[in-house]
Amino acid sequence: MSNEYVIEMLHIRKEFPGIVANDDVTLQLRRGEIHALLGENGAGKSTLMSVLFGLYQAEEGIIKKDGQEVRIKDPNDATALGIGMVHQHFKLVDVFTVLENIILGAEDTKFGFLQKAQARKKVEELSEKYGLHVDLDAKVENISVGMQQRTEILKMLYRDNDILIFDEPTAVLTPQEIDELMQIMRGFAKEGKSILFITHKLNEIMAVADRCTVLRKGRCIGTVNIRDTNKQELSNMMVGRPVQLEVHKEPAQPGEVILDVQGLTVPSKLHKSDAVKNVSFQARAGEILCIAGIDGNGQTELVYSLTGLEKASAGKITLCGKDISKLSVHARSHAGMSHIPEDRHKHGLVLDDTLENNIVLQRFQEDRFQHMGFIRRSAVREYANSIIEQYDVRSGQGPVTVTRSMSGGNQQKAIVGRELDRDNPLLIAVQPTRGLDVGAIEYIHQQIVAQRDAGKAVLLVSLELDEVMNVSDRILVMYEGQIVGELDPKATTVQELGLYMAGAKRM
Amino acid sequence: MKNTLLDLYHKDGTKKLLASLISILMGLLLGAVLIVIVGLSKPTIGNKDIIKGVQMIFAGILTKGLTPDGGLAWGYNAQNLGNMLFRATPIIMTGLSVAVAYKTGLFNIGAPGQYLMGTMASLSIALGIPGDSMPSWVIWLLAFLGGCLAGALWGAIPGMLKAFLNINEVLACIMANWIAAYLVSWYFSESSFRNVTEGTKTAYIYMTSYNGVATSKMGLDKLFPGSQVNGGFLVAVLIAVAMYILLNKTTLGYQLKACGSNRHAARYAGINDKRNIVLSMAIAGALAAGGASLYWLSGNTEFYWNTYQSLPGEGFDGISVALLASSNPIGAVFTGVFLSMLKVVGSQLAGFTAYNEYITDVIIGCIVYFSAFSLMIRMLLTSRKKKVPQAAAADQAGPVPAPDPSGDPVENEQEQEGGDEA
């Protein structure tokens with residue numbers, strides 16, 4: 001009977017300097033179940049899984065496999081126990097082919113030569129059996145994110161793992177790919193494999209999981225049967241208070257034109273044609289204008305050219321009546337533009353610098369923060385503290401925390417706080433809730449609506465259909481670098497929006 | 001009291017410092033072992049010399065000579081200490097050059113080339129302006145600044161290649177080094193600065209004192225009589241302090257560091273990343289070249305220009321100095337002095353024992369290797385501390401007693417390389 005659970009993690013405690021990441025966490029995984037691990041960013045989900053996978057050692061607590069206590073000192077031990085993990089950020093070698101990546105580290109050799117034919121056969125069988133379609137001879141750098149993920153999954157299967165950990169697997173996938181992945185996961189469970197599914201997306205848990213363990217601030221809040229619960233209860237458990245899953249806002253009252261874009265064309269860095277083709281639109285004060293579309297249809301380039309990070313080849317951009325087409329990033333920013341960037345690690349933060357230095361990233365040259373070229377440290381600290389307090393940015397050491405050590409949600413809150421506090425008439429928010437949990441999403445959506453209500457123009461670029469439908473006042477759909485539709489979220493459906501996004505319909 | 005000590009121990013800076021000191025000590029120990037092995041394997045080196053060698057590895061700077069019975073005489077050796085500071089001056093500067101570039105995300109392996117360009121410009125100005133046309137201190141200043149400027153321009157070239165064409169600065173610097181080497185040789189061979197008055201010395205350039213230009217002693221000759229030391233050392237220390245302030249207290253330093261650690265984020269924030277990369281390299285170049293100026297303007301050094309086959313060691317020593325100091329400008333003063341101490345000891349060693357001085361180069365190499373371990377040592381120190389204060393730290397996940405507010409941990413108070421000899 002001791003074998004009811006294939007993996008048990010009992011009373012795990014893991015500390016990092018200044019923070020307890022896991023405190024007395026217990027997680028029991030049954031054979032053949034899909035077990036969701038739910039929690040906000042920084043709740044300790046990834047830490048717990050890293051302990052199971054041997055990347056970290058727990059200070060207290062034990063891990064049992066089939067009722068036997070085991071010690072997992074490194075990922076090799078984990079693999080030997082049949083534990084496999086698909087990391088949130090894939091661990092693939094870009095210049096290797098899919099097949100080479102799958103067998104990497106578990107290669108069969110004969111007299112020192114690779115035996116690829118055998119490996120290929122095994123991988124092909126696996127891929128057939130579970131419907132994991134990959135092109136074995138394609139190089140990883142050339143394949144889609146979805147296929148990269150399938151490669152990672154095949155890697156686990158190739159090693160005969162029967163305990164599969166998926167760390168936020170859907171964050172990077174399109175809706176269709178998510179559906180496929182759910183199918184695959186169900187298939188695994190039927191086969192008797194056990195799945196740990198780390199996520200904060202409630203829809204997915206409701207759709208696919210059998211049970212769910214909820215973590216909050218490093219503590220285990222409880223394990224529930226999905227059949228006996230609902231989204232609201234789960235989100236309340238996760239956040240610790242009732243959460244609004246819907247965005248509440250009054251109808252928009254658009255005012256004067258803040259941003260006027262005419263005939264904007266931006267060359268692509270990836271291919272010969274233009275990434276943005278002759279795009280024109282206006283954003284007004286007091287409205288949230290959303291640019292929707294499937295990733296890679298020119299949204300990124302559009303934003304880069306609006307903010308000055310990339311040069312447009314043609315077109316005119318007017319902000320508050322001023323032509324900013326030829327201005328630098330700095331000048332545009334001062335002309336009245338706040339920008340929550342798409343990639344908070346690449347553009348948003350200097351990760352190895354402190355929180356306070358990141359909070360004044362654009363403003364350190366203002367007189368209040370410097371005197372004759374010397375930084376006024378106390379003014380910076382004071383300002384950083386006010387942002388931290390106002391926007392509830394949590395970190396280990398306050399203003400002097402190195403931002404790399406902060407959770408994604410708090411990093412994003414810091415950026416949002418920094419951008420909103422600059423109080424500019426235009427806010428460009430690109431994927432502002434990407435990778436965030438419900439609590440943080442709710443908060444950021446509220447902030448965006450508050451900006452609108454304060455008479456700012458908000459340009460929201462989003463790939464998430466829920467966000468597009470719930471937050472925006474007006475939707476522009478981008479497809480292959482062009483605006484192919486203008487929709488009113490109240491008068492349209494997700495299906496119709498989807499048709500525009502897929503290029504099947506144009507206005 | 002105990003608590004303040006504990007707090008000090010838990011500071012990041014303290015741990016960095018301890019780690020540096022431990023790696024130095026381990027390097028010295030390995031050096032001692034090497035001395036013993038070499039001594040035992042060479043019949044010309046007796047047991048007595050081995051013991052002397054080991055003693056000198058740790059405290060050679062304090063030897064005064066040999067006692068009548070062949071042992072070492074200990075005591076304050078003003079000449080040695082003065083020469084130590086004198087020879088530390090250029091490597092502190094090249095160390096600063098590498099350190100400042102590294103803090104801003106660039107690896108300046110071009111210090112030797114910048115050093116040579118500084119040499120060329122400084123010597124040309126110091127010898128080219130007639131000594132009676134203006135006060136000699138003005139010539140000195142012009143020569144020093146001219147040297148720095150030449151280095152800045154030379155450093156800016158790889159900087160521009162990096163900023164505008166995205167060419168790796170390491171490659172560009174390595175090539176610039178050799179271009180500088182041959183350029184300088186060619187320039188001096190065509191110049192009128194070759195020492196033709198002393199028959200055997202045409203491969204050398206005149207000392208600047210020939211034109212009446214020499215760095216002021218600033219009283220250091222009173223402290224260290226009989227040595228070559230001069231005010232250049234104090235200038236280097238001042239510059240180190242200035243670099244510390246630049247990096248940690250100014251908006252310019254903030255920009256440079258931001259560009260260095262994330263160029264994309266800097267661009268996003270409206271910081272001119274290209275300008276800052278060029279500027280970083282120019283500052284680094286000026287520092288390395290300034291080191292050359294301080295060395296050659298001393299008035300008692302002669303530059304050997306003839307057929308350059310190798311790059312000046314001072315340039316590469318800068319890498320060791322910066323690495324040992326974990327790129328802290330103040331730390332570079334101490335590590336520069338420390339490395340130059342080992343060099344002085346090296347020549348002592350050759351004088352007092354049957355060893356040759358190259359063994360100290362081996363030891364310096366060992367220490368630099370160990371300094372790469374200093375990160376590991378720091379981690380060991382960190383995991384050791386965990387046991388006691390964690391419970392306290394865990395409860396206050398909020399504002400934990402923060403490291404030094406001024407940004408980078410300060411590690412200037414207690415660093416004394418001399419300390420580990422005693």
Side-chain angles (χ1 to χ4, degrees), chain A residues 15-20 23 59 217-218 304 307-309 328-334 337 339 341 343-354 356-358 360-366 369-378 380-381 385 388 394-401 404 418, chain B residues 10-12 15 103-105 242 245-276 378-379 381-387 389-409:
Chain A
E15 293 168 359
F16 294 109
I19 203 151
V20 182
D23 184 8
E59 265 101 39
K217 290 182 185 163
Y304 281 2
T307 53
L309 285 167
S328 68
V329 177
H330 183 75
R332 290 186 199 208
S333 162
H334 279 257
M337 185 187 285
H339 175 199
D343 188 335
R344 58 178 166 266
H345 289 172
K346 186 177 174 191
H347 287 114
L349 295 169
V350 180
L351 282 174
D352 290 316
D353 211 340
T354 57
E356 61 182 3
N357 277 347
N358 271 293
V360 294
L361 196 57
Q362 295 110 328
R363 309 183 67 169
F364 64 94
Q365 267 163 336
E366 289 176 17
F369 297 124
Q370 59 103 10
H371 179 67
M372 315 264 287
F374 286 83
I375 296 171
R376 295 178 193 253
R377 186 52 63 188
S378 57
V380 169
R381 172 103 8 122
N385 273 324
I388 288 168
R394 288 180 212 163
S395 60
Q397 298 164 316
V400 294
T401 315
R404 189 183 287 286
R418 172 180 83 198
Chain B
H10 290 308
K11 269 192 178 180
D12 233 26
K15 256 177 254 146
K103 281 262 175 185
T104 61
I245 293 172
L246 174 81
L247 283 176
N248 294 304
K249 308 279 180 197
T250 67
T251 53
L252 177 64
Y254 171 75
Q255 282 187 55
L256 294 176
K257 284 194 291 185
C259 284
S261 49
N262 187 348
R263 192 174 165 182
H264 300 287
R267 254 166 69 75
Y268 151 86
I271 295 170
N272 189 337
D273 58 328
K274 294 191 167 80
R275 187 201 73 157
N276 281 316
R378 211 183 306 163
M379 274 157 57
L381 292 172
T382 312
S383 63
R384 247 173 54 93
K385 73 140 209 200
K386 257 190 169 162
K387 303 200 165 110
Q390 195 68 47
D395 286 337
Q396 35 176 316
V400 167
D404 190 87
S406 52
D408 264 20

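- Between the B:N262 side chain and the A:K346 main chain, a donor and an acceptor come within less than 3.5 Å of each other.
- At a 4.5 Å heavy-atom cutoff, the contact between A:L361 and chain B is made by backbone and side-chain atoms alike.
- Heavy atoms of B:I271 lying under 4.5 Å from chain A belong exclusively to its side chain.
- With B:R267 contributing its side chain and A:L309 its backbone, the two residues share a donor-acceptor pair below 3.5 Å.
- Here the CG atom belonging to B:L252 is positioned 10.5 Å from the CZ atom belonging to A:F374, to the nearest 0.5 angstrom.
- For A:H345, the side-chain hydrogen bond (donor to acceptor under 3.5 Å, both in side chains) criterion is met by A:Q411, not counting sequence neighbours.
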Item to check | A:V350 vs B:Y254, side chain to side chain contact (heavy atoms under 4.5 Å, CB included): CA-CA, chis, key distance, verdict | outcome: CA-CA 11 Å; A:V350 180; B:Y254 171 75; over 6 Å; no
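- Residue B:H264 holds its NE2 atom at 9.0 Å from CG of A:D343, rounded to the nearest 0.5 Å.
- Heavy atoms from other residues, nucleotides or ligands lying under 6.0 Å from NE2 of A:H371 number 12 at most.
- In plain terms, the two heavy atoms of B:T251 and A:I375 that are nearest each other are N-CG1, 3.7 Å.
- Contact annotation for A:R404: neither backbone nor side-chain heavy atoms come within less than 4.5 Å of a heavy atom of chain B.
- Side chain of B:Y268 to main chain of A:H339: a donor-acceptor pair is present (N/O by atom type, distance under 3.5 Å, no hydrogens or angles).
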